[in-house]
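Here's the structure we're looking at; comments come further down.
All values reported here derive from a predicted model rather than from experimental measurement.
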Amino acid sequence: MLALSVEAHRTGCAVVVATGELDLAGARRVLDRMDRLITEGRDRVVLDMSGVAFCGAQAMSALVRTRARAQRAGGWLRLAAVPPHVRRVFERTDLDRLFPRYPDVVSAATGRAVTSVEERAAATARAASGGDGRVVSTGAVVGDGRAAAGRGRRVVSRGGGRPGPGGDARGGAEDGRAGASGDGKVGSGW
């Protein structure tokens, strides 16, 4: 089952929030919704995928078609907060070249893609400290560089670690871990 909602972002783009599974039926719903937006002249679209549990081949095909249609209309389609399991599929199929990494809706709406390990870590820290105004994590960052949820809040953006002492990829602090200070800001130890 897939739930969709459309919100207007302060930058003027439309934000489509998808929650659930982007299977065959979900792909059709997303394609129809975004096609309607483009037809209405709202050709700058961000798809917030933070709540997507599954993304099938049909959905990926629909996203490529919608991206092309938005570009023909003079706009764009950007994917925000793509979960790691979905991002891996995009990377394996080379679709990550068409859809740059946007860790949150604000980054996608303003066109600030994340490309390097350092930028991903900074974006993760911003999201963890509430920098995007939507999702706040008050948890710690676990050894592999992913934010851990705390106090019932969900974590949307997860950063990748870089090799630390001893060559492991769990972070750069002496014990291979990064932590959150009492004010909720993430310290990476790098």
Side-chain angles (χ1 to χ4, degrees), residues 1-116 119-120 122-124 126-137 153-159:
M1 184 92 159
L2 179 71
L4 291 175
S5 64
V6 178
E7 304 167 354
H9 192 269
R10 62 181 164 76
T11 61
C13 68
V15 177
V16 178
V17 180
T19 306
E21 296 187 358
L22 283 172
D23 53 11
L24 179 60
R28 287 183 183 142
R29 289 187 60 212
V30 166
L31 182 61
D32 289 344
R33 179 68 60 98
M34 289 193 290
D35 277 349
R36 269 187 277 147
L37 289 170
I38 294 168
T39 300
E40 294 168 359
R42 299 172 73 188
D43 55 10
R44 295 181 305 137
V45 180
V46 172
L47 176 60
D48 181 351
M49 297 184 68
S50 60
V52 172
F54 171 79
C55 186
Q58 299 87 356
M60 291 185 168
S61 177
L63 294 174
V64 170
R65 287 192 316 260
T66 301
R67 178 184 176 273
R69 183 158 186 234
Q71 285 181 326
R72 283 191 304 272
W76 40 257
L77 169 63
R78 296 177 181 154
L79 309 181
V82 177
H85 62 281
V86 175
R87 175 57 61 187
R88 282 190 292 275
V89 176
F90 276 82
E91 290 167 354
R92 288 182 187 132
T93 59
D94 283 336
L95 288 178
D96 60 326
R97 293 179 187 201
L98 295 178
F99 296 103
R101 182 184 304 257
Y102 294 99
D104 51 54
V105 170
V106 171
S107 297
T110 58
R112 292 186 303 234
V114 175
T115 56
S116 71
E119 289 171 324
R120 281 195 300 269
T124 300
R126 272 195 313 275
S129 66
D132 69 354
R134 292 183 59 216
V135 179
V136 176
S137 169
R153 294 185 176 139
R154 65 190 181 114
V155 175
V156 172
S157 180
R158 293 186 174 99

For Ala68, what residues pass the side-chain contact (heavy atoms from CB on, under 4.5 Å) criterion, not counting sequence neighbours?
Arg72
Residues Leu24 and Gln58: closest non-hydrogen pair is CD1-CG, 3.5 Å
For Gly75 and Arg44, the nearest pair of non-hydrogen atoms, with its separation, is CA-CG, 4.1 Å
How far apart are the C-alpha atoms of Gln71 and Asp43, what are their side-chain angles, what is the distance that settles it, and do they pass the side chain to side chain contact (heavy atoms under 4.5 Å, CB included) test?
CA-CA 8 Å; Gln71 285 181 326; Asp43 55 10; over 6 Å; no
Output all residues satisfying side-chain contact (heavy atoms from CB on, under 4.5 Å) with Ala18, sequence neighbours left out; order by chain, then residue number.
Leu2, Leu4, Leu47, Val52
Going by side-chain hydrogen bond (donor to acceptor under 3.5 Å, both in side chains), name the pairs with one or both residues in residues 19-38, residues two or more places apart or in two chains.
Asp35-Arg69
Salt bridge or not for Glu91 and Arg101, using N-O below 4.0 Å?
yes
Which residue pairs pass the salt bridge (charged side-chain N to carboxylate O under 4.0 Å, His left out) test when at least one of the two sits in residues 75-90, sequence neighbours left out?
none
Where at least one partner belongs to residues 8-18, residue pairs that pass side-chain hydrogen bond (donor to acceptor under 3.5 Å, both in side chains), sequence neighbours excluded:
His9-Thr11
Side-chain touch Leu22/Met49, heavy atoms, less than 4.5 angstrom:
yes
Sequence neighbours excluded, which residues qualify as side-chain contact (heavy atoms from CB on, under 4.5 Å) partners of Arg42?
Val6, Ala8, Ala14, Leu37, Glu40
Shortest non-hydrogen pair, Leu98 vs Arg67, comes out as O-NE, 3.1 Å
Residue list, side chain to side chain donor-acceptor pair (under 3.5 Å) with Thr93, at least two apart or on another chain:
none
Answer yes or no: is there a donor N or O on one side and an acceptor on the other, between the side chain of Thr110 and the main chain of Val106, under 3.5 Å?
yes
I need the minimum non-hydrogen distance between Ser50 and Pro83, along with the two atoms involved.
O-CG, 4.3 Å
Within the 4.5 Å heavy-atom criterion, are Leu63 and Leu77 side-chain neighbours or not?
yes
Sequence neighbours excluded - ring-ring contact (aromatic ring centres under 6.0 Å, His included) pairs with any residue from residues 69-92:
Phe90-Phe99
Could you report the tightest heavy-atom contact between Ala62 and Leu31, atom names first, then the distance?
O-CD1, 3.8 Å
Heavy-atom side-chain contact between Met60 and Val64 under 4.5 Å:
no
